[in-house]
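Structure, as structure tokens:
Below, each value reflects all heavy atoms present in this structure, side chains not excepted, and no hydrogens, waters or symmetry copies. In this text, all values refer to a predicted model and were calculated from it rather than measured experimentally.
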There are 4 protein chains.
Amino acid sequence: MHNVKRPRGARGREGILSSARSLVIESGYEALTVEGIAAAAGVGKQTLYRWWPSKGALVADAFLDDPAIPPSFASTAPTGDGVAWVRAQADYFSSAVGTSVTRALTSATAEDESVAIRVHERFTAPILAGIIDWLAITVPDAAAGATERQRAAADMLLGALVFRMLTRSEPLSGDGAEEVLHLVLAGLRTAAAR
Amino acid sequence: MHNVKRPRGARGREGILSSARSLVIESGYEALTVEGIAAAAGVGKQTLYRWWPSKGALVADAFLDDPAIPPSFASTAPTGDGVAWVRAQADYFSSAVGTSVTRALTSATAEDESVAIRVHERFTAPILAGIIDWLAITVPDAAAGATERQRAAADMLLGALVFRMLTRSEPLSGDGAEEVLHLVLAGLRTAAAR
Amino acid sequence: MHNVKRPRGARGREGILSSARSLVIESGYEALTVEGIAAAAGVGKQTLYRWWPSKGALVADAFLDDPAIPPSFASTAPTGDGVAWVRAQADYFSSAVGTSVTRALTSATAEDESVAIRVHERFTAPILAGIIDWLAITVPDAAAGATERQRAAADMLLGALVFRMLTRSEPLSGDGAEEVLHLVLAGLRTAAAR
Amino acid sequence: MHNVKRPRGARGREGILSSARSLVIESGYEALTVEGIAAAAGVGKQTLYRWWPSKGALVADAFLDDPAIPPSFASTAPTGDGVAWVRAQADYFSSAVGTSVTRALTSATAEDESVAIRVHERFTAPILAGIIDWLAITVPDAAAGATERQRAAADMLLGALVFRMLTRSEPLSGDGAEEVLHLVLAGLRTAAAR
DNA sequence: TGGTAATCGAGACGGTACGTCTGGTCTTCGA
DNA sequence: TCGAAGACCAGACGTACCGTCTCGATTACCA
């Protein structure tokens, strides 16, 4: 994306991104340095600057490119009644990894507009799309404007979870997350029946 | 807050905070430096370190201490049907000032746990409390657990707005924000009637 | 010299040396980089490292191999009374080219012992030999040790010119150089007559 | 000289210059780095850049400011018949320290015109002046132009020594240096008697 | 009212990291 | 098959800030 060619060094691109991921999870995005990534990856600094314009862009790639990482990532769409999904999200946002990764992506996003766009396109938007699709099936609504309503509902659902994590030491519990889910579904049903 | 005594310098404490505010709004939190604040306020660096342990703590004070700033701040509670309030919030989060300030507080929060606690206590919690109170009046619900439900609803309402702003170039429109409000109220009403 | 094979590239070996010469004369030895030479010669860096072990060695070759360069080089031996020759040397060491070239060879020499040896053998020693031969003819001296004396005299003659150039903004004038010549010849004559 | 104020840190200015001197003598000017000096002196890089505009200027100060260093420096004027002095110079230029220091000053001089001026004013010119004064006493000459002749003689004397050191692996021996001295004096005497 | 302490601005200090540049080696790919 | 092109690791460059530490000069309080 930043360049069609890819590093071909001994460790290569994946080694670099993997080092960056480890460092973010260990010590957080604020403590992350380009020199630290280079050292951890056994790579010259210039190699990083050759492929990524900034620390934020590198970190975005680190968490966006490899679907296997992070382990229990919030990247699947809800299924069935959604309860299992929303509790898994609550667990993820309560975990050290989930906290580190989400904060890292938020910070990277805040620093650089182009990173923000990329993170949205490749990360946030797909998750929201999955939620919206599931909501459309779960609470059918043929009304004009239903799509906008579902979009707002998805923002509320994911937004409440993220907002809690960013602003509170104790993120939403599984029960709290389920409460959010129920309110969203109840609201949508009422609107659909209106 | 960090010290009962106050600077006696030409500009004083308020001059420092005011300089910090201007710099954040002009150039963003990432570009903010302690040296920059000191220079802008015509103050020695040591004076800043005397009263604030970190850049984040200073910025938190800058936006928390003076109720007059930022101008159209999201700090009042909703009234009536809430529509005017929620549209004002959408406007605020769409503005350059609202974006800068919210991002700055989010970043400061991410860097330092004690700043996070302070921002929550002095800023986020009061806003949420105002919303919760208004929700309790607007959608009366005597059921056990209603408080938890209202807390979740407040997180959804404010969370959706903040989440949108943080992750999207185009924050929620007034209409979108109103949609969120309606869904929250509809959900709460259904739950209350259950 | 460092390799019997020769580049076949567009410009070839002479193109490389010529680029190096131009760059030295334009910007000086300190500002010279291997990358710059490669770029100027339209050649890969590896091609340079294939034939020269260091920047210094390349520069030495650049000024030693081609007798046509630099234009009015100090490489001829004195003739007749030596006045014309010594004034030509003064002019050369006063010129931009003479200054650049001499400084470049001095720096290259200081960095690398093997370059020093090569520059001496191929450049300094022949010049000194020419001077010594001319002195032996001009001030005949059959005494034992006359050769040592002539060697010292040659060092004095050329050394005074080089020393002046290296240490002073204004190198020896033609008159100053002639003064040096007269002193050397007077000293030798006195010694020969002793 | 570069600034009227002086470093006041734990180790101070002299510690920095002393570290620079050691490094030059150990490994030569080419291998010297600003970071190396800073590390050896236990000082931040910025402190060096605050007081000296370049590595060359720092090195010039290192060898010019403290008259006690280098130990057997060529900075005294000749006395008596000059033989002891000229042999001491030959020894100095044959020593590892003399070689390192002279090459370092020559390189620093070649890189930066302002360093060249300073080295000349504070180092080369005083030595030459001492030689000229001694020559004027040793070989009295009331003729017009005698001063120019003595200046040329001083350049020949010191120049031969420096030229030999810079261009040859084996600098002038004591005997060779004495030969130079005799030739200079003989030449001057002849000229004075003319 | 004059003397003494606290506090100020200013900015030097030892450091860390920045983003860039170059050195010297190694790999790719077109002619 | 060989060389241009340029990526690679390494590490120094000169700069920006960090948070700490002197400096005088300027209060402000007490004698």
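Among residues two or more places apart in sequence or in another chain, the side-chain contact (heavy atoms from CB on, under 4.5 Å) test is passed with Q46(A) by Y49(A), R50(A). Taking the side-chain hydrogen bond (donor to acceptor under 3.5 Å, both in side chains) definition, one finds that K45(C) meets it with E35(C), sequence neighbours left out.
Rounded to an integer number of Å, the gap from Y29(D) OH to dA12(F) C1' is 14 Å. Following rounding to the nearest Å, R13(D) (CZ) and dA12(E) (C1') show an atom-to-atom distance of 15 Å. Taking atom CH2 of W52(B) as the reference point, atom P of dC18(F) lies 15 Å away to the nearest angstrom. The nearest whole Å value for the distance from the CD atom in E30(B) to the C1' atom in dA16(F) is 16 Å. Going from atom CG of L48(D) over to atom P of dA12(E) covers 14 Å, rounded to whole Å. The nearest whole Å value for the distance from the CG atom in L58(D) to the C1' atom in dC13(F) is 15 Å. Per the geometry, CD1 belonging to I37(B) stands 17 Å off C1' belonging to dG11(E), to the nearest Å.
Between R50(D) and dC13(E) there is a side-chain polar atom (N or O) within less than 4.0 angstrom of OP1 or OP2. For W51(A), a side-chain nitrogen or oxygen approaches OP1 or OP2 of dC8(F) to under 4.0 Å.
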Please list, one pair per line, the donor and acceptor atoms closer than 3.5 Å that link side chains of residues 24-34 of chain D to other protein atoms, with sequence neighbours excluded.
| residue | atom | partner | partner atom | Å |
| --- | --- | --- | --- | --- |
| Y29(D) | OH | E111(D) | OE1 | 3.0 |
| E30(D) | OE2 | S107(D) | OG | 3.3 |
| T33(D) | OG1 | G36(D) | N | 2.8 |

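Listed candidates were dA4(F), dC9(F), dC8(E). Nearest to the side chain of T47(C) is dA4(F).
Residues R103(C) and T109(D) share a closest heavy-atom pair of NH1-CG2, 4.2 Å. Closest non-hydrogen pair, L23(B) versus A40(B), comes out as CD1-CB, 4.0 Å. Pairing each heavy atom of A108(C) with each of V115(C), the nearest pair is O-CG1, 3.7 Å.
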Just the table, please: protein N/O against nucleotides 16-19 of chain E N/O, every pair under 3.5 Å.
| residue | atom | partner | partner atom | Å |
| --- | --- | --- | --- | --- |
| dC18(E) | OP1 | V34(A) | N | 2.7 |
| dC18(E) | OP2 | V34(A) | N | 3.2 |
| dC18(E) | OP2 | E35(A) | N | 2.9 |
| dG19(E) | OP2 | Y49(A) | OH | 2.4 |
| dG19(E) | O5' | Y49(A) | OH | 3.3 |
| dG19(E) | N7 | K45(A) | NZ | 2.9 |
| dG19(E) | O6 | K45(A) | NZ | 2.6 |

